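Taking it in order: structure first as structure tokens, then the write-up.
Given the structure is predicted, the values throughout are model-derived calculations rather than measurements. Quick note on labels: first sequence line is chain A, next is B, and so on, each numbered from 1.
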Protein chains: 2
Amino acid sequence: MLEFAILGLLHQSPMHGYELRKQLAQVLGGLRSISYGSLYPALKRLYAAGYVTTDEPDPRAPLPADAPPLTGRRGKVVYTITAEGKERFHELVSQSGPEAYDDGGLFGVRLAFFRHTAADVRLRILEGRRRTVERQREGLRASLSRTRERLDRYTLELQRHGLDSVDREVRWLAELIDRELTDSEGRRDDGAAQGDPPAQAPPEP
Amino acid sequence: MLEFAILGLLHQSPMHGYELRKQLAQVLGGLRSISYGSLYPALKRLYAAGYVTTDEPDPRAPLPADAPPLTGRRGKVVYTITAEGKERFHELVSQSGPEAYDDGGLFGVRLAFFRHTAADVRLRILEGRRRTVERQREGLRASLSRTRERLDRYTLELQRHGLDSVDREVRWLAELIDRELTDSEGRRDDGAAQGDPPAQAPPEP
DNA sequence: GGATCGATGTATCGGGACGATACATTAAGG
DNA sequence: CCTTAATGTATCGTCCCGATACATCGATCC
């Protein structure tokens with residue numbers, strides 16, 4: 001999940017880890033931030049996979065005998081996406097299966113990078129997410145009406161608020177889907193509609 | 001976090017792991033369930049800490065030489081809370097600091113066990129949670145008005161939905177707090193109000 | 001009668017994410 | 001000048017999750 005987000009950001013411009021974290025927090029919706037304990041290992045994985053490169057020669061060499069607790073000078077490291085990384089990102093961005101929307105966190109990241117996503121993929125993801133959340137809602141409704149009597153008021157309140165949230169998400173998704181459909185109709189009728197720059201990522205050769 | 005929830009459930013009656021998981025899913029609000037990969041290690045930790053006991057003599061013995069992949073017959077294991085476990089639960093249930101409300105997940109669990117929580121602790125937790133979420137809301141509002149122009153519509157939509165959710169949570173919490181205050185007034189006016197069984201856990205000796 | 005399917009039930013493994021922590025450099029401001 | 005805040009890199013232990021394996025039991029189907 002981080003993999004996708006990092007590649008997406010580096011796709012726009014090279015960055016430090018620190019800057020990456022800030023952008024990430026913004027793009028993820030402002031509330032949920034990412035910790036360094038996730039970020040740096042993720043970058044290491046991406047480096048190992050060949051998807052990103054660094055300025056610094058290579059921090060592989062583990063400095064053999066350095067008894068004092070590793071007080072080696074730490075320079076800034078700029079991460080840059082490689083050609084393989086871009087390829088990987090386009091591969092990920094074109095996926096529209098359940099893995100794209102079953103997990104809410106990943107769905108959020110996908111949404112944040114929708115401007116790099118083809119229109120048909122966007123629609124499939126939004127509709128998949130809606131189905132998923134609708135199923136959750138039905139399950140919740142059933143459970144609530146089944147156990148309404150036996151729960152104390154706090155648990156009940158928790159369930160009601162949860163159901164309300166899920167319900168709101170469904171409506172929100174329906175709105176987004178509507179807008180997608182309206183836009184694509186407009187584009188079909190009009191040749192090129194206003195205010196919607198076409199997506200990158202052509203339909204995969 | 002699981003520690004609290006498990007102790008809370010076992011406080012009511014002994015249970016199998018399987019049953020525990022089902023009850024947990026119900027109590028946690030219906031959406032978020034707990035996986036066995038969390039549950040059994042958690043039970044193991046609680047066992048090691050002396051907070052729960054099992055029927056089965058002791059699954060410690062690691063069966064020395066048994067080349068076939070561990071096909072030992074697996075019996076049901078009933079977990080029972082110990083005296084130390086009950087003590088630990090009451091200790092946890094009386095905490096009202098930031099750790100009780102800063103994390104939404106833990107707050108949910110705390111709320112689910114509010115019927116075991118003293119009235120003053122309930123109020124402190126609810127108000128703490130409200131402050132936390134209000135701060136989140138303000139941060140989100142600021143970030144949104146700061147970056148409104150530069151964000152694409154999808155990221156914008158994500159932020160708006162997030163802000164809306166947070167806003168709803170604040171209102172929900174305000175309602176819960178109101179109800180707490182009303183009830184305690186009623187109880188003060190009336191001696192013993194209806195429909196609100198008094199909390200266990202006296203104010204910590 | 002037997003096959004099979006879904007619920008019940010226990011348990012591990014690898015990996016991902018987090019919070020806490022340590023350490024270093026530069027900017028700002030009192 | 002000194003101290004605070006922001007910038008910046010990185011690891012550690014811990015928790016939790018999804019996937020997976022194994023096992024038993026009742027019901028339903030053919």
Side-chain angles (χ1 to χ4, degrees), chain A residues 1-6 14-25 28 31-49 52 54-56 58-63 66 68-79 98-99 102-106 108-109, chain B residues 1-6 14-25 28 31-49 52 54-56 58-63 66 68-79 98-99 102-106 108-109:
Chain A
M1 184 210 112
L2 257 192
E3 177 187 12
F4 182 89
I6 292 175
M15 251 180 267
H16 292 169
Y18 189 83
E19 179 72 11
L20 217 33
R21 183 175 125 100
K22 278 199 311 182
Q23 301 265 344
L24 233 31
L28 287 234
L31 340 117
R32 49 181 79 258
S33 182
I34 221 68
S35 77
Y36 291 123
S38 312
L39 181 59
Y40 284 110
L43 283 171
K44 205 178 274 187
R45 288 196 298 274
L46 290 172
Y47 182 93
V52 304
T54 60
D55 287 51
E56 302 278 309
D58 190 344
R60 276 320 139 247
L63 53 152
D66 199 297
L70 205 328
T71 175
R73 48 169 24 289
R74 226 123 40 169
K76 302 186 184 186
V77 182
V78 176
Y79 293 90
E99 69 276 5
D102 269 3
D103 173 49
L106 186 46
V109 179
Chain B
M1 185 211 111
L2 256 191
E3 178 187 12
F4 182 89
I6 292 174
M15 252 179 268
H16 292 171
Y18 188 84
E19 179 72 10
L20 216 34
R21 182 174 126 101
K22 277 198 311 180
Q23 302 264 344
L24 233 32
L28 287 232
L31 335 121
R32 49 182 78 260
S33 181
I34 221 68
S35 77
Y36 290 124
S38 313
L39 181 60
Y40 284 111
L43 283 170
K44 205 178 276 187
R45 288 196 298 274
L46 290 172
Y47 182 94
V52 305
T54 61
D55 288 46
E56 301 280 306
D58 191 343
R60 278 315 141 250
L63 52 155
D66 200 299
L70 205 331
T71 175
R73 47 169 24 290
R74 229 123 39 169
K76 303 186 183 186
V77 182
V78 177
Y79 293 89
E99 69 277 6
D102 269 3
D103 173 48
L106 185 47
V109 179

Interatomic distance, A:I6 CD1 vs C:dG16 C1' [rounded to whole Å]: 12 Å
Nucleotide nearest A:M1 when distance is taken to its side chain, options D:dC16, C:dT10, C:dA17: C:dA17
Residues forming a side chain to side chain contact (heavy atoms under 4.5 Å, CB included) with A:M15, sequence neighbours excluded: A:L9, A:L10, A:S13, A:E19, A:L20, A:Q23
Sugar-phosphate, base or nothing in reach of A:G17, heavy atoms under 4.0 Å: sugar-phosphate
Rounded interatomic separation in angstrom, taking CG from B:L20 and P from C:dT8: 15 Å
Atom-to-atom span, CG of A:D102 to C1' of D:dG18 - whole angstrom: 13 Å
For atom CZ of B:R32 and atom C1' of D:dG18, their distance in whole Å: 16 Å
Listed nucleotide nearest any side-chain atom of B:S35, set D:dT11, C:dT10, D:dC17: D:dC17
Which atom of A:I6 lies closest to which atom of A:A42, heavy atoms considered: CD1-CB, 3.9 Å
Shortest side-chain distance from B:Y40, nucleotide among C:dT12, C:dA7, D:dC16: C:dT12
Nearest-nucleotide comparison on DNA chain C, the residue closer to the 5′ end among A:Y36 and A:E3: A:E3
Sugar-phosphate, base or nothing in reach of A:R45, heavy atoms under 4.0 Å: sugar-phosphate
Divergence of helical axes at both termini of the helix from C:dG1-D:dC30 to C:dG30-D:dC1 - five pairs an end, 10° steps: 30°
Side chain to side chain, A:L2 and A:L24, heavy atoms closer than 4.5 Å: yes
Partners meeting side chain to side chain contact (heavy atoms under 4.5 Å, CB included) with A:L28 (sequence neighbours left out): A:M1, A:R32, A:V109
Presence of A:K44 side-chain N/O under 4.0 Å of D:dT9 phosphate oxygens OP1/OP2: no
Whole angstrom value for the distance that separates P of D:dG8 from CE of A:M15: 12 Å
Any side-chain heavy-atom pair of A:H16 and A:V78 under 4.5 Å: yes
Nearest-nucleotide 5' precedence on DNA chain D, A:K22 against A:Y79: A:K22
Shortest side-chain distance from A:S38, nucleotide among C:dT8, C:dC18, D:dT7: C:dC18
From C:dA17, D:dT11, C:dG9, nucleotide with atom closest to A:P41 side chain: D:dT11
Partners meeting side chain to side chain contact (heavy atoms under 4.5 Å, CB included) with B:D103 (sequence neighbours left out): B:L106
Protein-nucleotide distance (A:R21, atom CZ; C:dA17, atom C1'), rounded to Å: 13 Å
Side chain to side chain contact (heavy atoms under 4.5 Å, CB included) involving B:S35 - partner list, sequence neighbours excluded: B:S38
Closest to side chain of B:V77, choosing from D:dT9, C:dT10, C:dA17: C:dT10
Nearest-angstrom distance from the residue atom CD of A:E19 to P of D:dT9: 10 Å
Which residues share a ring pair (Phe, Tyr, Trp, His ring centres under 6.0 Å) with B:Y18, sequence neighbours left out: none
Length of the line joining B:K76:NZ and C:dA11:P, which is rounded to integer Å: 13 Å
